[in-house]
Amino acid sequence: MDAALNNEKAKPLNFIEEIIDNDLKQGKYQSILTRFPPEPNGYLHIGHASSIWLNFGVAKKFGGKTNLRFDDTNPVTEETEYVESIKADIKWLGYSWANEFYASDYFDQLYNYAIQLISQGDAYVDDLTPDEIAAQKGTPTEPGINSPFRSRTIDENLQLFEAMKAGNFQEGSKTLRAKIDMASVNMLLRDPILYRIKFAHHHRTGDTWCIYPMYDFAHGQSDSIENITHSICTLEFIPHRALYDWCIQKLNIYPSHQYEFARLNVSYTVMSKRKLLQLVNEKHVSGWDDPRMPTISGMRRRGYTPQAINEFCDRAGIAKREKLNDISLLEFCVREELNKSSFRRMVVFDPVKVIITNFNESELLLEGENNPEDETSGFRAIPFSKELFIEREDFMENPPKKFFRMAIGQSVRLKSAFIVTCTGLEKDVNGNITEIHCTYIPESKSGSDTSGMKVQGTLHWVSSKHAIKVELREYERLFLSENLATEEGDFKEYINPESLKIISTAYAEPALENATDAQRFQFLRKGYFCLDKDSQPAHLVFNRTVTLKESFSKEVKK
RNA sequence: UGUCUGAUGGUGUAACUGGCAACACGUCUGGUUUUGGUCCAGAAGAGUCCAGGUUCGAGCCCUGGUCGGACAACCA
């Protein structure tokens, strides 16, 4: 951590940090306050992690604070379940907020702001229907036209707005609109709707209100009420900034400022909450926390660590241009961490029997280091016996040139055990290999090898009678297209049909029996795995977080 | 025919604010290795969207284009 901080000092500031740095140096602020403003209508994903990393990270870096504020102005899509998951995810990522607020905390204040605007002649109640408003809005190249209700008197507007609040009108029959400019080149300034009628139960305010403020009438004011200094959001809000500033200026309240950065995208996946919800609802995945999902909860279940995710956000960086981050950077970040921290274990995915013909003891207990990258990690016992399993793909009858694995007449090292020489094999009537015969070199025992032999390959293995059966779930990318944004048609057409491969019975060394879900493992030569929540004491299930880097398969493809 | 916004190796970020384009991922070589992992050493790969201009000097400034994205939800 300290090293990371030192690195950060040397690192150039991103453009947001530069703005803040300047504001602080010029004395514009004594300290800064940011906010992370999720809408509780879905689960957080890796894109949110980037925003969290930025908002919380930048505040911490400059000695400021960050509020968590739920943007809950639309009761029909928002739920408490989402509030809870969002809070859990932020905490899990390692951040803590100075205050927990809700836009709905400010409904009274916002209502008063609306009254103020009406009183100033800056807002009016409109009777137009949604269709009519849309029709009069104009287009980006054509100006809109004024509503016939635009010139109502202040008193009439005040009365009508109060009646709206009292529930005297039907949903959709009236709105409160800002009186700005129907000819503005910025569509958002063409008398935007400030309040609409919704007879919906709100997750926090219940049925107290039947009118709810729109985003544009809630966000900037909420920032202002909290004295947020730097309100950081994504690029699509750039046109909203004019309205954000207009509200603050007309209301003459604390001037928070909005800054925009490009949202994070990752190749081979989707990031929109709408699409993720669709994947969940249509059962393309098992839920929001399906390990293939780019959600924080999905990644957590898959075995990603908060450190790896934050590291990824840090390396991906922040800019104003739209971008597509390579998923291989994310994978690099997990491997980097897991390589240093995870215990090594041996698991045979697709077994073939190996008989050590010259081993006649019942068993031998060997020692294997838990993690060669960490000297303090200790050792675990590994039983060795006459009958072993190795990976079927680690043996070839007619091996090609650079096959450093088992083949007749060839010697290989069994990891943490002995060097063995393959002497022959047996097949069934169909020609399938049923048994491989080897002799072992007793003097070649790991750690005390006096054999003087040199071998090219080392294999993982497991003693058949000691092995425990486990279920493995191997995940591939959820989509076949690198960039879904540029694809034609329904994004679901690009779902990878083989994104989940289940190996219902794999054979693991007994040390894995007491695995806990807090642990991460490297299954030797296979990848990083973690215990899944579907595990039962007698039926352990492991999720593959990511494979190891593999250069041999590339070699084969040549 | 609009407004806003952006454009630097395959990808993502830099470039001390005008001084011969750097870092990371990825790719490829070679070495070490009881994981074809890690680690170590090295290489290839952009001349900065285009055309002009200012300047001794431009990725950074100016002008004009080109291309991409956003903008017409009672969503956020």
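Each chain gets a letter, A, B and so on, in the order its sequence line appears, and its residues count up from 1. Here the structure is a predicted model, which means the values were calculated and not measured.
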> Which residue, D326(A) or V455(A), contacts RNA chain B at a nucleotide closer to its 5' end, judged by nearest heavy atom?
Replying inline: D326(A)

>> If I take atom CD in residue E17(A) and atom P in nucleotide U17(B), what distance separates them, rounded to the nearest angstrom?
In response: 18 Å

>> With rounding to the closest Å, how many angstrom separate the C1' atoms on C60(B) and U8(B)?
In response: 11 Å

>> How many whole angstroms separate atom CG of N14(A) from atom C1' of A24(B)?
In response: 16 Å

> Heavy atoms under 4.0 Å, any strand shown: does N339(A) hit a base, just sugar-phosphate, or nothing?
Replying inline: base

> For atom P, what is the distance between A51(B) and U66(B), given to the nearest Å?
Replying inline: 15 Å

> How far apart are the C-alpha atoms of Y113(A) and Y106(A), what are their side-chain angles, what is the distance that settles it, and do they pass the ring pair (Phe, Tyr, Trp, His ring centres under 6.0 Å) test?
Replying inline: CA-CA 10 Å; Y113(A) 284 151; Y106(A) 311 133; 9.4 Å; no

> Could you state the CZ-C1' distance from R335(A) to C39(B), rounded to the nearest angstrom?
Replying inline: 16 Å

> Do the side-chain N and O atoms of Q221(A) and S224(A) include a donor-acceptor pair separated by under 3.5 angstrom?
Replying inline: no

> Stacking between F332(A) and the base of G26(B) (centre distance under 5.5 Å, interplanar angle under 30°)?
Replying inline: no

> Looking at the side chain of P140(A), which of U13(B), G36(B), C71(B) is the nearest nucleotide?
Replying inline: C71(B)

> P atom, A7(B) versus C16(B): distance in rounded Å?
Replying inline: 15 Å

> Using atom C1' of each nucleotide, how far apart are C20(B) and G47(B) to the nearest Å?
Replying inline: 10 Å

>> If the cut-off is 4.0 Å, is R525(A) near the phosphate of G36(B), judged by side-chain N/O to OP1 or OP2?
In response: yes

> Does C71(B) pair with anything, Watson-Crick or G-U wobble, both distances under 3.5 Å, and if so, with which nucleotide?
Replying inline: G2(B)

>> Checking the side chain of Q410(A) only, and the main-chain atoms of F403(A) only, is there a donor and an acceptor separated by less than 3.5 Å?
In response: yes

>> If I take atom NE2 in residue H203(A) and atom P in nucleotide A76(B), what distance separates them, rounded to the nearest angstrom?
In response: 12 Å

> If you check the P372(A) side chain, which of A72(B), G12(B), U35(B) turns out closest?
Replying inline: U35(B)

> Is the base of A76(B) touched by the side chain of H240(A) through a donor-acceptor pair closer than 3.5 angstrom?
Replying inline: yes

> Picking from C75(B), C25(B), C74(B), which would you name as closest to the side chain of R315(A)?
Replying inline: C25(B)

> Between Y215(A) and A76(B), do the rings stack, that is, sit under 5.5 Å apart with planes less than 30° off each other?
Replying inline: no

> What is the nucleic acid contact for T129(A), judged by heavy atoms within less than 4.0 Å: base, sugar-phosphate only, or nothing?
Replying inline: base

> Which part of the nucleic acid, if any, lies within contact of E171(A), taking any heavy atom under 4.0 Å across all strands shown: a base, the sugar-phosphate backbone alone, or nothing?
Replying inline: nothing

> What is the nucleic acid contact for L324(A), judged by heavy atoms within less than 4.0 Å: base, sugar-phosphate only, or nothing?
Replying inline: sugar-phosphate

> When you measure from the side chain of P239(A), which nucleotide among G36(B), U11(B), A70(B) comes out closest?
Replying inline: A70(B)

>> When the C1' atoms of A43(B) and G6(B) are compared, how many Å lie between them, rounded to an integer?
In response: 33 Å

> Contact class for Y212(A) (heavy atom, under 4.0 Å): base, sugar-phosphate, or nothing?
Replying inline: nothing

> Across all strands shown, which nucleotide pairs with C23(B) by Watson-Crick or G-U wobble geometry, both distances under 3.5 Å?
Replying inline: G12(B)

>> Considering every strand and a 4.0 Å limit on heavy-atom distances, what is the contact class for K137(A): base, sugar-phosphate, or nothing?
In response: sugar-phosphate

>> In this structure, how many angstroms lie between the P atom of A72(B) and the CD1 atom of I193(A), rounded?
In response: 12 Å

> Counting distance only, does the side-chain N/O of W288(A) pair as donor-acceptor with the main-chain N or O of T295(A) below 3.5 Å?
Replying inline: no

>> Checking contacts here: which listed nucleotide (U38(B), U35(B), C74(B)) is nearest the side-chain heavy atoms of T458(A)?
In response: U35(B)

>> Heavy-atom count check: over 12 atoms from other residues, nucleotides or ligands less than 6.0 Å from E336(A) CD?
In response: yes

> Under 6.0 Å between the ring centres of F529(A) and F521(A)?
Replying inline: no

>> One pair to check against ring pair (Phe, Tyr, Trp, His ring centres under 6.0 Å): H202(A) and F107(A). What are the steps and the verdict?
In response: CA-CA 12 Å; H202(A) 187 278; F107(A) 279 175; 5.5 Å; yes

>> Without decimals, in angstroms, what is the distance between L13(A) CG and A15(B) P?
In response: 9 Å

> So, R380(A) and E509(A), do they make that salt bridge, N to O below 4.0 Å?
Replying inline: yes

>> Need the pair for A7(B). Rule: Watson-Crick or G-U wobble, both distances under 3.5 Å, any strand; none if unpaired.
In response: U66(B)

> For U38(B), which nucleotide is its Watson-Crick or G-U wobble mate, given both distances must be under 3.5 Å?
Replying inline: none

>> Nearest to the side chain of K198(A), heavy atoms from C-beta on, is which of C75(B), A72(B), G36(B)?
In response: C75(B)

>> Under 4.0 Å, counting only non-hydrogen atoms across every strand here, what does R405(A) touch: a base, just sugar-phosphate, or nothing?
In response: base

> If you measure from the C1' atom in G26(B) to the same atom in G9(B), how many Å do you get, rounded?
Replying inline: 12 Å

> CG of D216(A) versus C1' of A73(B): gap in Å, rounded?
Replying inline: 12 Å

> Expressed as a whole number of Å, how far does the P atom of U11(B) sit from that of G2(B)?
Replying inline: 30 Å

>> Could you check whether the side chain of R321(A) and the base of U8(B) have a donor-acceptor pair of N or O atoms closer than 3.5 Å, going by distance alone?
In response: yes

>> Other residues, nucleotides and ligands only: do more than 12 of their heavy atoms fall within 6.0 Å of CZ on R263(A)?
In response: no

> Using a cut-off of 4.0 Å on non-hydrogen atoms, how would the nucleic acid contact of L366(A) be classed: base, sugar-phosphate, or nothing?
Replying inline: nothing

>> Quick check for you: among G12(B), C75(B), C4(B), whose closest atom lies nearest to any side-chain atom of N74(A)?
In response: C75(B)

>> Need one value for I419(A): base, sugar-phosphate or nothing, where a base atom within 4.0 Å counts as base even if backbone is also close, heavy atoms only.
In response: nothing

> Does the side chain of K549(A) get closer than 4.0 angstrom to OP1 or OP2 of G36(B) through an N or O atom?
Replying inline: no

> Taking the side chain of E18(A) as heavy atoms from C-beta outward, which of G2(B), U17(B), U35(B) is closest to it?
Replying inline: U17(B)

> Which nucleotide sits closest to the side chain of T73(A): A72(B), G6(B), A76(B)?
Replying inline: A76(B)

>> Heavy atoms from C-beta onward define the side chain here; which of U38(B), U13(B), C71(B) lies closest to that of E373(A)?
In response: U38(B)

>> What is the distance, to the nearest angstrom, from the CD atom on E322(A) to the C1' atom on G6(B)?
In response: 8 Å

>> For the C1' atoms, the ones on A22(B) and on A46(B), what distance do you get once it is rounded to whole angstrom?
In response: 12 Å

> What nucleic acid atoms does S328(A) come within less than 4.0 Å of, heavy atoms only: base, sugar-phosphate, or nothing?
Replying inline: sugar-phosphate

> In Watson-Crick or G-U wobble terms, both distances under 3.5 Å, what is the partner of C61(B)?
Replying inline: G53(B)

